[in-house]
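Any value given below was found using the heavy atoms of this structure, including those in side chains, with hydrogens, waters and symmetry copies removed.
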Amino acid sequence: MAEYRADLLIMGSGPAGYTAGIYAARAGIDALVVAGSQKGGQLTLSSEVENYPGFVRPLSGYQLMEQMQEQAKLQGVHTIDDEITEVDFFDYPFVCNSTGGNCYISKSIIIATGASVKWLGLASEQKYIGHGVSSCATCDGFFYRGKEVAVIGGGNSALEEALYLTNFVDKVYVVHRRHSFRAEHVLKQRLYQNRKITVLWDSEVEEVLGTDKPLEVTGLKIHHVKTDKVRYLDVSGVFVAIGHHPNTELFRRYLKLDSGGYIVTKSDGCSTDIRGIFAAGDVCNPYRQAVIAAACGAKAALEAIKFL
């Protein structure tokens with residue numbers, strides 16, 4: 001158990017968090033990053049990243065986040081492997097407590113806790129995350145060029161993922177547990193008109209199939225909920241698109257959240273409705289792109305520097 005004091009406490013160690021730390025440290029601000037439950041954020045689950053500016057050759061999400069962490073460290077940012085589980089934003093300076101029993105006291109805070117994917121909850125799914133199971137077609141779709149893949153879900157995100165994937169793959173199976181989509185009409189029309197897409201209605205994934213050496217997906221075991229029949233799909237990739245939830249429950253008592261649970265920030269920046277507290281990345285926007293999160297982290301840091 002220890003007490004840490006900092007001018008700026010950054011909650012989260014994804015692209016938004018580390019970028020905020022880099023900008024703050026370069027401005028001479030004493031910045032402390034508390035890594036959170038998933039060090040490096042969601043990006044560490046991406047097998048390869050090709051669309052982050054400045055990297056000519058692909059690298060894994062884990063490698064990219066390692067480099068961001070190292071860059072932040074060289075700039076003087078201190079990172080602690082801990083998770084904040086309790087906050088008090090009513091008093092100043094702000095006080096936060098953690099799973100490690102530590103107390104963090106800071107003059108300003110950047111919340112960059114990100115968002116979490118809603119997974120199917122299958123052991124086989126967890127086994128192949130980053131090796132054929134993904135939650136981001138924009139991140140990983142290119143690697144399935146000329147192959148067959150499956151998208152799991154029935155909302156806007158699932159249909160958008162399926163339509164995007166048709167730019168690369170030969171065939172997309174959309175697996176949905178109901179007999180109608182919850183998506184917008186225009187997305188449904190586009191999907192029905194796309195010959196590369198086949199919808200499997202009233203169907204659920206029972207198991208993700210694959211090999212151990214190498215670790216890669218080879219198919220899906222599908223259960224039809226109305227007939228109890230089981231079928232097998234030969235696919236190389238599985239994109240889970242049943243939703244995300246921003247990691248903002250901890251702040252619900254203090255900050256204004258929108259209907260999706262995202263932190264509401266001022267229209268012209270990253271400040272919240274509590275002076276000295278800022279939000280950056282997937283906690284306040286739904287884009288789920290590393291470059292956007294990093295830019296948001298830089299913006300939040302500049303605003304925090306001005307506040308301090």
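Surrounding OH of Tyr104 are more than 12 heavy atoms belonging to other residues, nucleotides or ligands, all under 6.0 Å away. Other residues, nucleotides and ligands place more than 12 heavy atoms under 6.0 Å from the NZ atom of Lys188. For Arg145, the CZ atom counts as densely surrounded, since its 6.0 Å shell holds more than 12 non-hydrogen atoms of other residues, nucleotides or ligands.
When hydrophobic clusters are built by joining Ile, Leu, Val, Met, Phe, Trp and Tyr residues whose side-chain heavy atoms come closer than 4.5 Å, directly or via intermediates, Phe278 is grouped together with Phe90. By the criterion of side-chain heavy atoms lying less than 4.5 angstrom apart, applied directly or through intervening Ile, Leu, Val, Met, Phe, Trp or Tyr residues, Phe307 is grouped together with Leu8 in one hydrophobic cluster.
A donor atom on one side chain and an acceptor atom on the other are not found under 3.5 Å apart for Ser108 and Asp7.
Listed by chain and number, the residues in a side chain to side chain donor-acceptor pair (under 3.5 Å) with Thr198 are Lys171 (sequence neighbours excluded). Among residues two or more places apart in sequence or in another chain, the ring-ring contact (aromatic ring centres under 6.0 Å, His included) test is passed with Tyr232 by none.
A salt bridge is absent between Asp268 and Lys299; no separation between the charged side-chain nitrogens and carboxylate oxygens falls under 4.0 Å.
Inter-residue side-chain proximity for Met68 and Tyr52 is flagged as met; some heavy-atom pair is nearer than 4.5 Å.
Between Phe94 and Tyr92, a ring centre-to-centre spacing shorter than 6.0 Å is recorded.
Screening Lys229, His224, His223 for a side chain to side chain donor-acceptor pair (under 3.5 Å) with Thr227, the sole residue that qualifies is His224.
Sequence neighbours left out, the pairs with a member in residues 244-264 that pass side-chain hydrogen bond (donor to acceptor under 3.5 Å, both in side chains) are Ser116-Asn247, His244-Arg288, Glu249-Arg252.
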